[in-house]
Amino acid sequence: MQQPLYITNSLTRTKELFEPVNPPYVGLYVCGPTVSGESHLGHARPYVTFDVIYRYLQFIGYKVRYVRNITDAGHFEEEGREAEDKVNEKAKLERLEPMELVQKYTNIYHDMMDALNCLRPAIEPTATGHIVEQIDMIQDIIKKGFAYEVNGSVYFDVTKYAQGNDYGKLSGRILEDMIAGSRDLDGQDEKRNAADFALWKKAPEQHIMRWNSPWGEGFPGWHIECSAMASKYLGSPFDIHGGGMDLMFPHHESEIAQTKIATGCSPVKYWMHNNMITINGRKMGKSYNNTITLREMFYGGNDVLERSYAPATVRFFILQTHYRSTLDFSNDALQAAEKGLQRLLNAYDTIAKLNASPASSVSIEKIESDCYVAINDDFNTAIVVAQLFEAARIINSAHAGTEQLSAADITRVKKLFDDFLFQIMGIKQVQQDNSADLNGIMDLVLEIRATAKSKKDFETADKIRNTLTTLGITIKDTKDGAEWSK
RNA sequence: GGUCGCGUGGCCGAGUGGUUAGGCAGAGGUCUGCAAAACCUUGUACAGCAGUUCAAAUCUGCUCGCGACCUCCA
C-alpha cells in the first residue's frame, strides 16, 4: 500500500515522485471560485478532482493543510460596467449590498460542494479578508524593484523579471511572442510593457469595491490574492498548487513571478491542472449559451441536458475520466455513469448477502493492489473504477454461485469498496434504513407474498411487489427466496 | 497568427512498443409464474498516408479534423 505516489507536474510536464517539502505535512492550495455568479458545472471538475487528491493524501497518512480561496474582490475590471449595473440594479430591487451578493453565491457554492460530497478545506480565505497581506506583498515587490506605480495603479515588471527568471515556463510561453501578439486593453498605456500585469488597480469612480492603499483607493490585481494567501498559510515553497488548466496563463504564471520576487523562491513544488469539461463536445460558456449551474444539474431546470442528475452521478462521472483529459457531458454519457454507479452500489449491498466458501476462486488481493497502482499513478481514478467493476462482477458471481469467496476475501472486498469508492473517491454511501421495525415488517410482508406465490396467487404477489416499488422498495426474487432493498 | 493538446468499436472513456481495459447500449443464452437483477457468450476499435522496428493504437514525419490557451474564466 505504501507505494510511491507519482504526480504529473505541469511545470515539468512529467510524472514525478511525490516527496513533500516537510513530511508528513503537505500543503495543498487550490484556486477557488470567483463568487460574482452562481456555481456552474465547470466548478465541479477541479473541486471533485482535488477533493480526491486531498482524501487520498490523508488516506496514506499525510497531514494535509488544504487551502482553497474565495475570490470576492477585484476581478471586476474587465466586466466593469456590466458588473456595476447588475449590482446596482439588484441592490435596488432586492436591497442587496454587494457583499450580500457575494455571500449569497458563496452559500450556494458551499451547498453545491456539500452535495458533491467534497470535504471542506482546512482554510478558506477570502480575498477581501486579506487586503492587508496583498498590499504588504505589493510593497515588498516594489521595494525589490520589480513593480512600479502609475496613476494609482501598480504593475509587475515582467520584462525585468524575465531577465533572471524563466517567465512562461509553466504555460510554455515565450515572452517576445506574447508581447508581439498582445491586444490593446484598458490600462495598456500605463504599462511599461504589454506583458506587465496589474498588482493593484486604481478604482474608477463607479467601482463599489475599493480599499485604501499607499497608492490611493483601489482594489487588488488579478493574481496577487493567491500568492499572498498561499504563502501566508502554506509558506514558500509549498507542495501542491492546483486549479483548472485555463488558469495556467496568466494566473499561475503571474503567481510564480510575484511570489518568487517576494519570497525568493519558486512557490510551488508540484503544479497540478485539471482539464476542462465540455457539453455535447463544446466548451461550456456564455457565448455558446450552454452554461449549466450546479443547481440546475442536480435539481433540474436547464435547457441543455434533458433531465437532472444526482450529485453522486456527476461526481462518479467525473472520476471515470482521468483528471488531465477533457470530459464531455452528454445525456448518454451521464445515464451510462448513473447505471454504472448503481451497479457498483448494488454489488456493495450484495456483499452482506454472500456466503463464505472455504477458499476463493479469484484474487481480491490482485484487484486491491491494482487499485493502489492506479491511484498512485497520478490519481488514475478511471482505472480504479474499472477495477471496482471487476470486483463487482466477482461479488455478483459469488452471489450467483459461479465464483467463490472466502470469509477473509469477503471482508477484504468490502474494505476495498469502503476505502476506494467511499473514502477516497468520496461517493456518498447511501444510508440504509435497516431499523429493526422495518426489517420485521418486511420479513412479514415477504412471507405473505411467498405464501401467495406458493398458492399461485400471483395477483396478490404482484400487488405487494408493485406497491412496494412505488414506496421505493425493490423486490427481487432469487432462487433462495425474495430479497428487498430500499 | 503564436503556443499546447487531442482524434480509440453505436456512445462515454483507459491504455502508450508485443498480453482482455472498463462502463453504457446492442445480440444470443441461463435463471424465472411474470418482472427486475445477476451470471455466461458475443464487438473487422485505435483519423488518414508514409516510415522506424522482428513487432505500433502506442515511436517519427506529413496530411486532415477537433479543441484549449493567448482576454475574466474551473
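Just so we're on the same page: letters track the sequence lines, and every chain starts at 1. Worth knowing before you read on, the calculation uses all heavy atoms, side chains too, and leaves out hydrogens, waters and symmetry mates.
- In this structure, A:Leu327 and A:Ile318 approach most closely via the heavy-atom pair CD2-CA, 3.7 Å.
- Listed for the A:Arg13 side chain is a donor-acceptor partner under 3.5 Å among the backbone atoms of A:Leu170.
- Across the strands present, B:G61 finds its partner in B:C49; the criterion is a Watson-Crick or G-U wobble pair with both atom distances under 3.5 angstrom.
- Straight-line distance from the CE atom of A:Met284 to the C1' atom of B:A68: 15 Å, rounded to whole Å.
- To the nearest whole angstrom, the two P atoms, one in B:U53 and one in B:A14, are 33 Å apart.
- Rounded to a whole angstrom, the distance from the C1' atom of B:C11 to that of B:C46 is 16 Å.
- Nearest heavy-atom pair, A:Gly340 versus A:Phe389, reported as atom, atom and distance to 0.1 Å: O-CE2, 3.4 Å.
- If you measure from atom OH of A:Tyr105 to atom P of B:A74, you get 14 Å, rounded to the nearest angstrom.
- Here the separation of B:C73 from B:C69, taken at their C1' atoms, is 11 Å to the nearest Å.
- When each of A:Leu327 and A:Asn346 is assigned the nucleotide of RNA chain B with its nearest heavy atom, A:Leu327 is the one assigned upstream, toward the 5' end.
- Distance from the side chain of A:Thr321 is smallest for B:A14 among the nucleotides B:C12, B:C39, B:A14.
- Between the CD1 atom of A:Ile394 and the C1' atom of B:A38 there is a distance of 15 Å, rounded to whole Å.
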Requested in this report: Could you encode protein contacts along nucleotides 16-26 of chain B as a string, one character per nucleotide from 5' to 3', using B for base contact, S for sugar-phosphate-only contact and - for no contact, with a heavy-atom cut-off of under 4.0 Å?
Outcome: -----BSBSS-

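- B:U32 is unpaired under the criterion used here, namely a Watson-Crick or G-U wobble arrangement in which both key atom distances are under 3.5 Å.
- Look at CG on A:Asp72: it is 16 Å from C1' on B:C72, rounded to the nearest Å.
- For RNA chain B, the neighbouring residues in residues 39-46 of chain A, judged by any heavy atom under 4.0 Å, are A:His40, A:Gly42, A:His43, A:Pro46.
- Checking B:U42 for Watson-Crick or G-U wobble geometry (two distances, each under 3.5 Å) identifies B:G26 as its partner.
- Contact annotation: A:Ser397 does not reach the phosphate of B:A38 (side-chain N/O to OP1 or OP2, under 4.0 Å).
- The interatomic distance linking A:His252 (NE2) with B:C69 (C1') rounds to 13 Å, in whole Å.
- Panel note: side chain A:Glu296, backbone A:Ile292; no donor-acceptor pair is recorded below 3.5 Å.
- Side-chain nitrogen and oxygen atoms of A:Asn380 include at least one within less than 4.0 Å of the OP1 or OP2 phosphate oxygen of B:G15.
- Aromatic ring pairs are classed by plane angle as parallel below 30°, tilted from 30° to 60° and perpendicular above 60°; the pair A:His273 and A:His252 is tilted.
- Stacking of A:Arg45 on the aromatic ring of A:Tyr323 is not recorded, the 6.0 Å distance cut-off and the 45° axial limit not both being met.
- In this structure, A:Arg315 contributes its side chain and A:Met425 its backbone to a donor-acceptor pair below 3.5 Å.
- One interatomic measurement links the two molecules: CE of A:Met248 to P of B:G67, which rounds to 21 Å at whole-angstrom precision.
- Figure legend. B:A37 is base-paired to no nucleotide; pairs are counted as Watson-Crick or G-U wobble with both atom distances under 3.5 Å.
- A:Leu345 has its CG atom 12 Å from the P atom of B:A38, to the nearest Å.
- Here the CD1 atom belonging to A:Ile375 is positioned 10.5 Å from the CD1 atom belonging to A:Ile383, to the nearest 0.5 angstrom.
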Query - Reading 5' to 3' through nucleotides 29-36 of chain B, protein heavy-atom contacts under 4.0 Å coded B for base, S for sugar-phosphate only, - for none - result: ----BBBB

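- Under the Watson-Crick and G-U wobble criteria, each requiring two contacts below 3.5 Å, nucleotide B:A68 is paired to B:U3.
- Phosphate contact (OP1/OP2 of B:C39, side-chain N/O of A:Asn396, threshold under 4.0 Å): present.
- Rounded to whole Å, the distance from CG on A:Asp328 to C1' on B:A68 is 14 Å.
- Between the side chain of A:Asn331 and the backbone N or O of A:Leu305 there is no donor-acceptor pair closer than 3.5 Å.
- The CD1 atom of A:Ile473 sits 5.0 Å away from atom CE of A:Met442, with the distance rounded to the nearest 0.5 Å.
- Salt-bridge formation is detected for the pair A:Arg55/A:Asp51: a Lys NZ or Arg NE/NH1/NH2 atom is positioned less than 4.0 Å from an Asp or Glu carboxylate oxygen.
- In this structure, OH on A:Tyr47 lies 10.0 Å from SG on A:Cys118, to the nearest 0.5 angstrom.
- To the nearest 0.5 Å, atoms CD1 (A:Ile464) and CZ (A:Phe458) are separated by 13.0 Å.
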